[in-house]
Amino acid sequence: MPTVVAPKGLEGIVATGSSICWIDGDAGVLSYRGIDIHELAERSTFEETTYLLWFGKLPNATELAEFKKHLSAARKLNPKVVELLRSVPTDAKPMEVLRTAVSLLSIYDADEADSSHDANVRKAFRLTSQIAMIVATFDRIRKGKAIVEADSSLSHAANFLWMLNGERPSETAVHTFDVALILHADHELNASTFAARVIAATLADIHSAITGAIGALKGPLHGGANEATMRLLYAIDKAGADPVEYVRQMFAEKKKISGFGHRVYHTEDPRATHLRRMSEELSKTAGNRKWFDMSRKIELFVKQEKKLNANVDFYSASTYTLLGIDIDLFTPIFAVSRISGWAAHVIEQHDDNRLIRPRADYVGPEYPTRYVPLAER
Ligand SMILES: CC(C)(COP(=O)(O)OP(=O)(O)OC[C@H]1O[C@@H](n2cnc3c(N)ncnc32)[C@H](O)[C@@H]1OP(=O)(O)O)[C@@H](O)C(=O)NCCC(=O)NCCS
């Protein structure tokens, strides 16, 4: 019989070995393949970072060019997937549509039945390109706008903004979005990545694992927190309330404030440092400091009252809003980035697999409890 009972929520439990991502929650360190996130945010691109996550090293110039070529060549959506996007109600939630569309992708994927290392890498390219295209294409369709064809000459970030808005994005918008993609690309055994690994460990295919991961990301305790944060800012604005008093009241009602707290970080989330800066820079450029100033007041108050730090979701909310992105696309955009990390983890899991199957600490009725026939109940 098993004897070790893990704490609720598996807090502090090391569930697998992995060479992809390392976090020191006390020191506020996040690194991909050993490289500090601050360096990547300042010097890398989403494409280079994704190469690093999948292949374990930074690419040289030829490898990077080849990688970009593969990624842009994968910017194709089967017409049946576009048909699905057209057939769902226009008020369907983009995150639900994304989850459903990614599930459908596998039916049209030539490598569906092949979970070898090379097939997984080929599928990872396609999924990375296609997830971005699904999010942008559904947004066009639901707004009654023409679908924008992918542009293979653009970077991943620029192509997404191009397909979303139908106009050439500014350099600032592309750079900000690219850095946001790098910051969200991987985060060790977060809930959605763990879900993906559990599914992959049954030797199910990568599309099944990513569909499950999208379901996990949707929750407000995980990726859904960026959307919830912006809804909070809107609610405060609409009520014409003082942000500090509003949050104080939420604390009095024992409510959680989205965008704060973290299972692993006990100090500043290093991703929040960049998102705070980008949110402030965009506010200055846009001449609209409302969301940044409100966020900053809330951040300082929550820190002072509860000693909780802003996490990755808090300033991504105002950053995306200042980029003109709709609130219900925030969590799908998290998936646009996190697919790189999910894919790296599924590949790693399949490369050295063992079924993930823990035990439960049974706390139900005593065994044996007699079966009472229906007539006697
Ligand atoms: C991220 C999160 C789920 C981590 O959860 P966890 O490690 O299980 O921590 P808990 O939810 O048990 O929180 C521990 C304590 O801090 C409090 N706390 C944690 N996050 C809080 C928040 N955002 N607002 C208010 N209080 C919070 C809890 O109420 C709890 O207090 P208690 O011990 O007095 O009951 C949690 O901080 C949270 O719900 N944050 C808001 C959602 C969010 O931003 N998610 C995105 C994470 S990147």
Side-chain angles (χ1 to χ4, degrees), residues 6-15 21 23-26 28-30 32 37 41 95 180-196 213-236 243-276 279 291 294-321 327-328 330-338 341-342:
K8 201 172 178 187
L10 300 183
E11 181 168 3
I13 295 295
V14 175
C21 181
I23 302 172
D24 181 337
D26 295 324
V29 173
L30 164 62
Y32 301 159
I37 193 66
M95 195 60 178
L181 292 179
I182 293 170
L183 295 172
H184 288 83
D186 194 51
H187 211 233
E188 198 220 38
L189 278 200
N190 59 93
S192 57
T193 303
F194 187 53
I214 293 172
L217 186 70
K218 186 167 175 280
L221 294 189
H222 191 7
N226 55 14
E227 186 177 326
T229 297
M230 201 60 223
R231 294 208 187 281
L232 172 67
L233 299 183
Y234 280 142
I236 294 172
V244 167
E245 292 313 314
Y246 197 98
V247 171
R248 194 193 302 279
Q249 183 58 31
M250 287 179 74
F251 283 147
E253 292 165 15
K254 304 261 177 269
K255 287 185 181 154
K256 275 186 169 179
I257 316 297
S258 285
F260 287 93
H262 202 275
R263 177 61 69 75
V264 181
Y265 294 117
H266 302 118
T267 180
E268 167 117 336
D269 178 336
R271 303 166 298 175
T273 314
H274 293 274
L275 287 156
R276 185 194 294 110
S279 171
W291 305 122
M294 197 187 279
S295 302
R296 188 74 182 134
K297 279 183 193 157
I298 295 172
E299 183 189 19
L300 293 173
F301 178 66
V302 173
K303 177 87 183 160
Q304 173 200 311
E305 285 293 295
K306 298 275 177 187
K307 307 217 173 348
L308 287 168
N309 293 292
N311 59 44
V312 68
D313 293 301
F314 190 65
Y315 281 103
S316 66
S318 48
T319 300
Y320 294 154
T321 296
I327 189 166
D328 59 2
F330 292 3
T331 314
I333 282 172
F334 198 146
V336 167
S337 165
R338 185 56 58 86
W342 288 334

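Numbering of ligands and ligand atoms starts at 1, following listing order. Quick note: numbers below take in every heavy atom, side chains included, and nothing from hydrogens, waters or symmetry partners.
Below 3.5 Å of separation, one finds an N or O of Phe260 facing an N or O of ligand 1. The N/O atoms of Ser258, backbone and side chain alike, include none that comes under 3.5 Å of an N/O atom in ligand 1. For ligand 1, the polar-atom distance check against Ala225 finds no nitrogen or oxygen pair separated by under 3.5 Å. Below 3.5 Å of separation, one finds no N or O of Leu308 facing any N or O of ligand 1. Considering backbone and side-chain atoms alike, Arg271 places every N or O at 3.5 Å or more from each N or O of ligand 1. For ligand 1, the polar-atom distance check against Leu221 finds a nitrogen or oxygen pair separated by under 3.5 Å. For a threshold of 3.5 Å applied to N or O pairs, the pair formed by Asn311 and ligand 1 contains at least one separation below that value.
In this structure, atom 27 (C) of ligand 1 is in close contact with the protein, since a protein heavy atom lies within 4.0 Å of it. At least one protein heavy atom sits closer than 4.0 Å to atom 39 (O) of ligand 1. For atom 22 (C) of ligand 1, the nearest protein heavy atom lies closer than 4.0 Å. For atom 45 (N) of ligand 1, the nearest protein heavy atom lies under 4.0 Å away. Closer than 4.0 Å to atom 15 (C) of ligand 1 lies none of the heavy atoms of the protein. Under the 4.0 Å distance rule, the nearest protein heavy atom to atom 8 (O) of ligand 1 falls inside the cut-off. Less than 4.0 angstrom separates atom 48 (S) of ligand 1 from at least one non-hydrogen atom of the protein. For atom 33 (O) of ligand 1, the nearest protein heavy atom lies 4.0 Å away or farther.
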For a quick test of your reading: what N or O donor-acceptor pairs under 3.5 Å do the side chains of residues 257-264 make, sequence neighbours left out?
from, atom 1, to, atom 2, distance (Å)
His262, ND1, Val264, N, 2.9
His262, ND1, Tyr265, N, 3.3
Arg263, NH1, Gly9, O, 2.8

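In summary, the atoms of ligand 1 found under 4.0 Å from a heavy atom of Gly259, numbered by their order in the structure, are 43 (C), 44 (O). Every atom of ligand 1 is numbered from 1 in the order shown, and the set under 4.0 Å from a heavy atom of His222 is 46 (C). Within ligand 1, counting atoms from 1 as listed, the ones closer than 4.0 Å to a heavy atom of Arg263 are 4 (C), 6 (P), 7 (O), 8 (O).
Side-chain rings of Tyr234 and Trp291 approach one another, their centers coming within less than 6.0 Å.
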Worksheet item: Where do Arg231 and Glu227 land on the salt bridge (Lys or Arg N to Asp or Glu O under 4.0 Å) test, with the steps shown first?
Response: CA-CA 6 Å; Arg231 294 208 187 281; Glu227 186 177 326; 2.8 Å; yes
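The shortest heavy-atom distance from His262 to ligand 1 is under 4.0 Å. The closest approach between a heavy atom of Pro220 and any atom of ligand 1 is below 4.0 Å. Using 4.0 Å as the threshold, Gly9 has no heavy atom nearer than that to any atom of ligand 1.
Residue-level proximity to ligand 1 for Ala228 is absent, since no heavy atom of it falls below 4.0 angstrom.
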